[in-house]
Amino acid sequence: QANTPVTFTDAGSGITFNSWPIANGGSQTQGGFTFGVALPSNALTTDATEFIGYLQCSTKDKKGWCGVSLGGPMTNSLLIAAWPSGDNIYTSLRYASGYAMPDLYTGDAKITQISSTINATHSTLIFRCQNCLKWNQNGSSGAAATTQGVLVLGWVQAFPSPGNPTCPDQITLEQHDNGMGIWGAVLDSNAANPSYTAWAAKATKTVA
Ligand code: HEM
């Protein structure tokens with residue numbers, strides 16, 4: 001996908017995101033993939049500790065999972081996996097030291113949801129991720145610094161659903177089968193917004 005952000009405002013929540021879409025119909029992944037962020041108003045001058053994320057993933061008959069790496073590579077980065085099951089989109093914060101099933105993340109990062117939409121071809125989650133831009137797993141640490149004006153991020157998608165889908169701590173996954181990549185997500189002035197605090201207050205739902 002392009003490094004330059006596409007700015008859009010989600011109609012349901014009114015939240016404005018910088019996003020880096022992969023178009024539906026491209027060769028990288030079936031069905032397209034979009035990740036976006038909204039950041040606290042001062043995030044381009046003071047490193048933010050949290051963000052509001054927009055994660056739209058491709059599914060087949062409401063099955064599949066997708067994820068982002070907040071550090072770029074799969075390994076040694078805070079990972080967010082998300083998947084639909086029933087009427088909910090579940091998430092799990094994970095951490096991998098190798099290219100195998102990631103462990104549960106043991107740090108204090110926290111996801112709460114603002115909205116979730118599931119249709120036959122895509123699942124779309126808007127969520128607040130607190131304490132997500134710095135991570136530490138048993139002494140292995142890293143960070144994504146918003147003041148650098150670019151986030152190095154990774155993405156993956158897969159079509160099989162996780163095993164144990166309604167128990168995020170106990171999911172089982174197969175290696176992703178619908179594309180992956182690392183990109184430099186350039187932030188522009190639309191990423192940081194004076195309304196961030198009001199938007200973050202909409203994150204009242206926990207799905208666990
Ligand atoms: C890349 C395995 C779960 C994120 C890879 C690669 C392997 C792998 C072998 C490298 C493939 C290549 O370079 O051709 C697995 C297995 C998983 C798993 C076996 C679970 C059983 C996850 C999860 C996430 C994730 C849950 C994120 C939420 C990534 C990303 C890449 C990647 C972003 C591309 C960047 C990189 O190469 O480091 N994975 N993965 N993976 N994986 Fe996973």
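All ligand and atom numbering here is 1-based and tracks the order in the structure. Since the model is a prediction, treat every value here as computed from it, not as a measurement.
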Practice problem: Answer yes or no as to whether an N/O/S atom of Q175 is found below 2.8 Å from atom 43 (Fe) of ligand 1. | Solution: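 Of the N, O and S atoms in Q175, none lies under 2.8 Å from atom 43 (Fe) of ligand 1, which means no.
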Quiz item: Do any heavy atoms of T75 fall under 4.0 Å from ligand 1?
Solution: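 Outside the 4.0 Å threshold, so no.
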Practice problem: Answer with yes or no whether H176 contacts ligand 1, where contact means a heavy atom under 4.0 Å from a ligand atom. | Solution: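 In this structure, H176 qualifies as a contact of ligand 1 - some heavy atom is under 4.0 Å.
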Quiz item: Starting from atom 24 (C) of ligand 1, which protein heavy atom do you reach first, and at what distance in Å?
Solution: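 Its nearest protein heavy-atom neighbour is V156 CG2, 3.9 Å.
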Which of the numbered atoms in ligand 1 are below 4.0 angstrom from a heavy atom of [X]?
X    : answer
L173 : 21 (C), 26 (C)
G67  : 28 (C)
I182 : 35 (C)
W155 : 33 (C)
M101 : 20 (C), 21 (C)
P73  : 38 (O)

Considering [options], which one's heavy-atom position lies nearest to [atom]?
atom                    : options         : value
atom 10 (C) of ligand 1 : W65, Y99, Y95   : Y99
atom 28 (C) of ligand 1 : I80, T172, L70  : I80
atom 12 (C) of ligand 1 : M74, E174, M180 : M180

Exercise. Let me know which of F35, F8, F127, W199 forms a ring-ring contact (aromatic ring centres under 6.0 Å, His included) with Y54.
Key: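 Only one option passes, and that is F8.
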Exercise. Over 60° means perpendicular and under 30° means parallel, so classify the ring planes of W20 and W183, tilted if in between.
Key: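 W183 vs W20 ring planes: tilted.
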